[in-house]
Amino acid sequence: MNKLLHLFLASTCVFITALIAAPAEAKILEEERSLYQNVYMVQEHGYICMRFRKKSHNDLSQSCIFEDGSKQLVFDYYKLAMGATFFLDEPKDILVIGLGGGVLVNHYKEIYPEANITSVEIDEVVADMARKYFSYTDEGEQYKTHIRDGRVFVKRAQRKDQRYDFILLDAFNSDYIPEHMMTKEYLEEVKSILKPGGIIMANTFSSSALFHHESETYHEVFGELYQIRFEDEKTNRVIVVSNEKLPEKRSLLKKVNQLKGIMMQYGVDSLRVFDAINTEVNWDTSAKILTDQYSPANLLK
Amino acid sequence: MNTLVLLCAFIMGFSIMTVELLGGKILSPYFGGSVYVWGSIITVFMLALSIGYLVGGRLSLREPNTRKYGTIFIIASLTTLPLVIWHAELSDWVFMHIEDPRYGSLVSSVILFLIPTTIMGMVAPYSVRLLVANTESSGQTAGFLYFVSTLGSALGTIMTSFYLVLWFELDNILYGVAAVLFVVGIVAILFPKPLPKAEKAELYNE
């Protein structure tokens, strides 16, 4: 018994020492506990980032912007997401599921100043932080922020007959995936609130077992899909799908050239993103599709 | 001799947690995966179990035997079936009528889980009644029973969340639970177990 007690005390000491000794390179600007996670706003290496964990690791940052107010995009996946603009023709109604820091919404607002943008974010604290640190704003008739579960929002939109030209699915963070928002049924619901010829873009992962199941699920619902991914980028990719036939890749070039200037402001090399677009089937097509009956997304990581 | 009852209680503990965990997956397409959905599910399960304990305890007063005990398992199995068959339609119906996902998930949980979980809760006190030999050892017997059934719950929780959802479809797991409970019920009915001796003497003395 004594031995056990010693062991317990010793391990407690080790644990506490580890806590104290943890390097504190990032400056924490604010931290708040929400219903879902701890939200940390940190300042490091010239960035301001939103993180859900204290530990410093780049992958764990959800959203980052440059401290000096530069419009340049920090993450590769933001740049990939800008590739969706090549498929869009002045969208009127945009829906964003998963606001995060609101970085992408801020940019879409600039690119499409006439568009109505509806953002859905489950975590009120995340939306508050986006307003406070990432200059996200929903002031004005055009913009709306809903604090609710994305799936519930989509289901309600379906019943209320709300339709969108462009839907951005971005409700993931680095280590948790909402399993009810990766299923065939969910994608069908999203598809049903898309206007004819509208575009759905999903920011997702490009590694792990989940990659195969997810790709196959998108393929099941939408048929052919475009993926945008940089060869050297191992973790993220962007999926582009539609409820109608997707345009030929070369027909996008006109838009790519048109947007070159504005993309440059964001630090996005349009041609590099254009090159990263492909319809290649690079997943295991025998992977089981994800459904409301079978969605162990978090176990497939 | 008591192994049968202990095994039954273990399986019931396992089953309750399997159904509870899958409850989250049943409701999330309609009400989301938010804390309040889990709040609704846990509330309804706790409420149902508490009613079940009460009713099960009362039931154990009148001529307790393993036949009746087995019948509880069979009823639990049968009341799980409507949940499996109609959970999508029922959740959808509630979704249409209640806008707020908090109350939507609460109402859905009541409709889907209250009855089967109440029946499942009846097993615990009834098991105690079948095991207790005398008043002196009653605390120890009840304690050991809770140990076994809660161990079943722990195993049911981890098996469901780590493995079962990876191996099987949601409805098939629930059908599995219903089938297991049905078989357990039949076994309990077929192998009547006499009440513990000391207790029997007390009964006859009355």
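Note that these values count all heavy atoms, side chains included, but never hydrogens, waters or copies made by symmetry. Here is the naming used below: chain letters follow the sequence lines, and residue numbers restart at 1 for every chain. Fair warning: this is a prediction, and the values are worked out from it, not measured in the lab.
Within the 4.5 Å cutoff, the side chain of A:Ile122 has heavy atoms near those of the B:Ser34 side chain.
Rounding to the nearest 0.5 Å places CG of B:Leu27 at 11.0 Å from NE2 of A:His180. Within the model, atoms CG of A:Leu300 and CG of B:Leu166 stand 5.5 Å from one another, a figure rounded to the nearest 0.5 Å.
Proximity to chain A (any heavy atom under 4.5 Å) is shown, for B:Phe95, by both the backbone and the side chain. Both the backbone and the side chain of A:Ser295 come within less than 4.5 Å of a heavy atom of chain B. Heavy atoms closer than 4.5 Å to chain B are found in the side chain of A:Tyr36, but not in its backbone. Using a 4.5 Å cut-off between heavy atoms, A:Arg148 touches chain B through its side chain atoms alone.
A:Arg159 CZ: more than 12 foreign heavy atoms inside a 6.0 Å radius. Other residues, nucleotides and ligands contribute more than 12 heavy atoms inside 6.0 Å of the CD atom of B:Glu89. Summarising the local packing, CD of A:Glu30 is surrounded by more than 12 heavy atoms from other residues, nucleotides or ligands at distances under 6.0 Å. Counting non-hydrogen atoms of neighbouring residues, nucleotides and ligands closer than 6.0 angstrom, the CD1 atom of B:Ile111 exceeds 12 such neighbours.
Side-chain N or O atoms of B:Tyr30 include none that pairs as donor or acceptor with a backbone N or O of A:Val152 at under 3.5 Å. When atom types are taken as modelled, the side chain of B:Lys25 and the backbone of A:Glu179 share no donor-acceptor pair closer than 3.5 angstrom.
Annotation: maximal heavy-atom pairing with chain A below 4.5 Å, among B:Gly33, B:Pro101, B:Gly32, B:Pro29, occurs at B:Pro29. Heavy-atom pairs under 4.5 Å with chain B were tallied for A:Gln293, A:Met181, A:Glu189; the largest tally goes to A:Gln293.
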